[in-house]
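Labels below follow one simple rule: chain letters A, B, ... track the order of the sequence lines, proteins then strands, and each chain is numbered from 1. Only this structure's heavy atoms are used, side chains among them; waters, hydrogens and symmetry mates stay out.
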Amino acid sequence: MADLIYNIAAIIALIGMMLSFVRLIIGHTIADRAVALDGMTIISISLIVFIAYYSNRIIYLDVAIVYGLISFVGIVAIARYLERGI
Amino acid sequence: MISIIIIVLGIIMIMAAFLAIHLKNLLSAIISAGVISLLASVIYLLLAAPDVAMTEAAIGSGLTTIIFIFTLKKIKKGDLDD
Amino acid sequence: MEIFGALITLIGSIFLLLGGLGILRMPDVYNRMQTGTKATTLGSILFLAGISVGHLECGCFGKIIIIILFVIFTNPISSNTLARAAHYAGVKLTERSVKDDLKEDNLENKGEKK
Amino acid sequence: MKKGFLFFISLLIVWILLAGTDWQEIIIGAIISLLLTIIFFSKATIFSEFNLNPKAIFYFLIYIIIFIWELIKSNIDVAIRVIQPTIPINPGIVKVKTKLKSRLGRIILANSITLTPGTLTVETNGEDYYIHWIDVTSGDIEGATKKIVSKFEKYLGVIFG
């Protein structure tokens, strides 16, 4: 029962990621695409933790920690370039 | 369950790759390339390779984006000087 | 206990879905950033907390708290930086917006310098 | 000395959360945290802005509860706005002023404003904040300040002197 609810939750999060990716395709401005990338990053951190639960390995959580730190640096670099060119 | 996630993420990856080729604006192409490495990291994790996934997250998503943006800035600068 | 954690995870995933929907539907960059920051922050917090509550015996409690702290600290900062960059790069607000104090103040400052 | 103790405790807590509660890990973590505290304490100015009296700690706990409540309220607010067919928004950028003096307090205030209902900090310039508000109800500085900032400022002013 609990496994089923966890799986449904992961699929709903996946649908959210796809909606955010549609915004990345449509775009219009670069800032829109950066916002969509930001949202996809957060959702994929949640997905990584779900995969760690599903495979039953704690070591996968380290990937999520690294991801949360590094992707922040990438988005800030994009924003700095938009603002005044690093 | 795992196969559903792999199929959806793979489709998004292929679409992002087409988008990165197709877009005219270079910064948008860099963002699409960032999406590719973001999802590649999750897929490596699904294929039970956490160390490769960690390296992909650090280098592919963080460092490559910054290096691309730095290069873009250098190119634009040279463009203005001419 | 496991069912309880699973329900928390389900609520969190619904917030993540609403965040994606908000990024898709809202009319301009700043409103997209509002939904994209708030809904995904609480959604990911509930998602991670639900998985951690459902599996207290796995010993992953500390690492999940670390990830939640990272999300809480970095997510508002990155959206703040993006909003400032978008305003600096000249992204227009939507036509339905009421006022823009920042633009007026920037124009005043430029007038004083000249 | 108290600030150095705070630095040491926060490093040790992060280490324990990462490594687990095995006693060997705790001893190694304590030694390394002590070394890092001795080496870097004079350069880390961020911890010198906390007040450490009991009143400040009590206000800090109240602040965390209020913050979580506002976070949940903001998410329900955003969810209601997103689902409706005609999105009910009335956005604009307003200017507010803060009375806080310390830099860390200002950063935490800006991040709290970003995570509360309908507001997003766009630019901070000294004591002026420019805030994108999804539903502008009062246009002038005083009204906006009263509605957005003052509910956090009262507690943060006690925590960061």
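Ranking Val42(B), Leu9(B), Leu63(B), Ile12(B) against chain A, the residue ahead of the rest is Ile12(B), based on heavy-atom pairs under 4.5 Å. Among the candidates Ile48(A), Leu69(A), Leu47(A), the residue making the largest number of heavy-atom pairs closer than 4.5 Å to chain B is Ile48(A). For the set Asp51(B), Ile31(B), Thr65(B), the count of heavy-atom pairs under 4.5 angstrom toward chain A peaks at Ile31(B).
From Ser61(B), atom OG reaches atom CD1 of Ile70(A) across 8.5 Å, with rounding to the nearest 0.5 Å. Atoms CZ and CG, on Phe21(A) and Leu19(B) in that order, are 6.0 Å from each other to the nearest 0.5 Å. Tyr81(A) contributes atom OH, which lies 3.5 Å from atom CG of Leu72(B) (distance to the nearest 0.5 angstrom). Interatomic distance, CD1 of Ile30(B) versus CZ of Arg33(A), reported as 12.5 Å (0.5 Å rounding). Here the CD1-OG distance, from Ile78(A) to Ser28(B), works out to 9.5 Å after rounding to the nearest 0.5 Å.
For Tyr44(B), the OH atom counts as loosely surrounded, since its 6.0 Å shell holds 12 or fewer non-hydrogen atoms of other residues, nucleotides or ligands. Open room surrounds CE on Met15(B); 12 or fewer heavy atoms of other groups in view lie less than 6.0 Å from it.
Contact of the Pro50(B) side chain with the Asp62(A) side chain is not registered, since no non-hydrogen atoms from C-beta on lie closer than 4.5 Å. Put simply, the side chain of Ile11(A) does not reach to within 4.5 Å of the side chain of Val8(B), judged on heavy atoms. In this structure the side chain of Tyr67(A) reaches within 4.5 angstrom of the side chain of Leu38(B), judged on heavy atoms.
Within the 4.5 angstrom heavy-atom criterion, only side-chain atoms of Val66(A), from C-beta onward, approach chain B. Contacts between Leu14(A) and chain B at a heavy-atom distance below 4.5 Å involve the side chain alone, from C-beta outward. Of the atoms belonging to Thr64(B), not a single heavy atom falls under 4.5 Å from chain A. Only the side chain of Phe50(A) has a heavy atom closer than 4.5 Å to any heavy atom of chain B. For Ile51(A), the part lying under 4.5 angstrom from a heavy atom of chain B is the side chain only. Using a 4.5 Å cut-off between heavy atoms, Val35(B) touches chain A through backbone and side chain atoms alike.
Of all heavy-atom pairs between Ile66(B) and Ala77(A), the closest is CG1-CB, 3.9 Å.
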Stepwise side chain to side chain contact (heavy atoms under 4.5 Å, CB included) test for Leu39(B) and Met17(A): CA-CA 11 Å; Leu39(B) 299 180; Met17(A) 190 184 217; 3.4 Å; yes
